[in-house]
Amino acid sequence: MNAPDVLIRSAKMDDLEATRQLLSDCQLPASDLSTGKLKGFFVAVQEGKVIGVSGLERSGDEALLRSVAVLAGQRGSGLGKRLVIACQELARDWGLQAVYLIPNDADSQAFFLNLGCTEISRAAVPEALRKLSEFTHLCPQTHPCLRMALYTHDSRSPS
């Protein structure tokens, strides 16, 4: 099956363990993930199994795009992009103009740069986000930071 056969929906409390397992399998931080943080998360489900995840962690008027992960056999199908788009739409609904992220390796960095992200310094990341556990201790300080500008539904230029 390919990505169009996959349902992308908001994560539910019942998805927590499967989401943690997928993140762990993809070598992404999962120790801080709780049912309370699932509010900004999406899961990709195929035949009742979580095969992809993405999430926004909000802090004040800012959000971190985190935990974008796709089961190894589904990579390259467009599923990761669909999960990111779901997060972008939620961020727009929240009134945000951009989201920030920390790619965990060169492949994920290339994926996000391909989606239009730009590399920024850690100092350029809003202070509210720099206080999140991903910045303080879960993600290595040597990993780059990216900014993803969001576009309004009415135009193709950054808000």
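For the single chain, residues carry numbers from 1 onward in sequence order.
Taking SG of C87 as the reference point, atom CE of M148 lies at 9.0 Å (rounded to 0.5 Å). Once rounded to the nearest 0.5 Å, the distance linking OG of S54 with CG of L90 reads 9.5 Å. Considering OG of S34 and CE of M13, their distance stands at 11.5 Å, rounded to 0.5 Å. The line from CG of L113 to OG1 of T118 is 8.5 Å long, rounded to the nearest 0.5 Å. Note that CZ of R130 is 11.0 Å distant from OG of S59, once rounded to the nearest 0.5 Å. Interatomic distance, C117 SG to R147 CZ, rounded to the nearest 0.5 Å: 10.0 Å.
With sequence neighbours excluded, no residue forms a salt bridge (Lys or Arg N to Asp or Glu O under 4.0 Å) with K81.
When atom types are taken as modelled, the side chain of S108 and the backbone of P103 share no donor-acceptor pair closer than 3.5 angstrom. Proximity of a side-chain donor or acceptor of R58 to a complementary backbone N or O of G40 within less than 3.5 Å is not detected. Of the possible polar contacts, none joining the R9 side chain to the F42 backbone as a donor-acceptor pair under 3.5 Å is found. Judged by distance alone, the side chain of R82 and the main-chain N or O of V6 form a donor-acceptor pair under 3.5 Å. A side-chain donor-acceptor contact under 3.5 Å links S121 to the backbone of A124.
Closest heavy-atom contact between L129 and A63: CD1-O, 3.6 Å. The nearest pair of heavy atoms linking L96 to D61 is CD2-O, 3.0 Å. Nearest heavy atom pair, residue R122 against residue H143, reads NH2-O, 3.4 Å.
Under a hydrophobic clustering in which Ile, Leu, Val, Met, Phe, Trp and Tyr are joined whenever their side-chain heavy atoms come within less than 4.5 Å, directly or via other members, I85 and L146 fall into different clusters.
The number of heavy atoms from other shown groups lying within 6.0 Å of CD (E119) is above 12.
Paired with F41 under the rule side chain to side chain contact (heavy atoms under 4.5 Å, CB included), one option of L16, L33, L83 passes, and it is L33.
Side-chain contact between L79 and I8: present, with at least one pair of heavy atoms (C-beta onward) separated by less than 4.5 Å. Looking at heavy atoms from C-beta onward, L56 lies in side-chain contact with V99 at the 4.5 angstrom threshold. Proximity of K49 to L71: side-chain heavy atoms (C-beta onward) are separated by under 4.5 Å at one or more points.
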N/O donor-acceptor pairs under 3.5 Å from side chains in residues 21-30, not counting sequence neighbours:
{"residue": "Q21", "atom": "NE2", "partner": "D25", "partner atom": "OD1", "Å": "2.7"}

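A salt bridge between R20 and D32 is absent, with no side-chain N of the basic residue lying under 4.0 Å from a carboxylate O of the acidic one. Taking 4.0 Å as the cut-off between side-chain N and carboxylate O, E89 and R92 do not count as a salt-bridged pair.
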Point to revise | side-chain contact (heavy atoms from CB on, under 4.5 Å) between L115 and V84, intermediate numbers included | key: CA-CA 9 Å; L115 292 179; V84 169; 4.0 Å; yes
Review point. After noting the C-alpha distance and the side-chain angles of L150 and Q97, does the key distance pass the side-chain contact (heavy atoms from CB on, under 4.5 Å) rule?
Key: CA-CA 5 Å; L150 301 174; Q97 295 183 8; 5.7 Å; no
Practice item. Carefully, step by step, assess Q74 and Q46 under the rule side-chain contact (heavy atoms from CB on, under 4.5 Å). Key: CA-CA 11 Å; Q74 292 288 333; Q46 186 176 57; 3.2 Å; yes
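Side-chain contact, T19 with D15: no donor N or O sits under 3.5 Å from an acceptor N or O.
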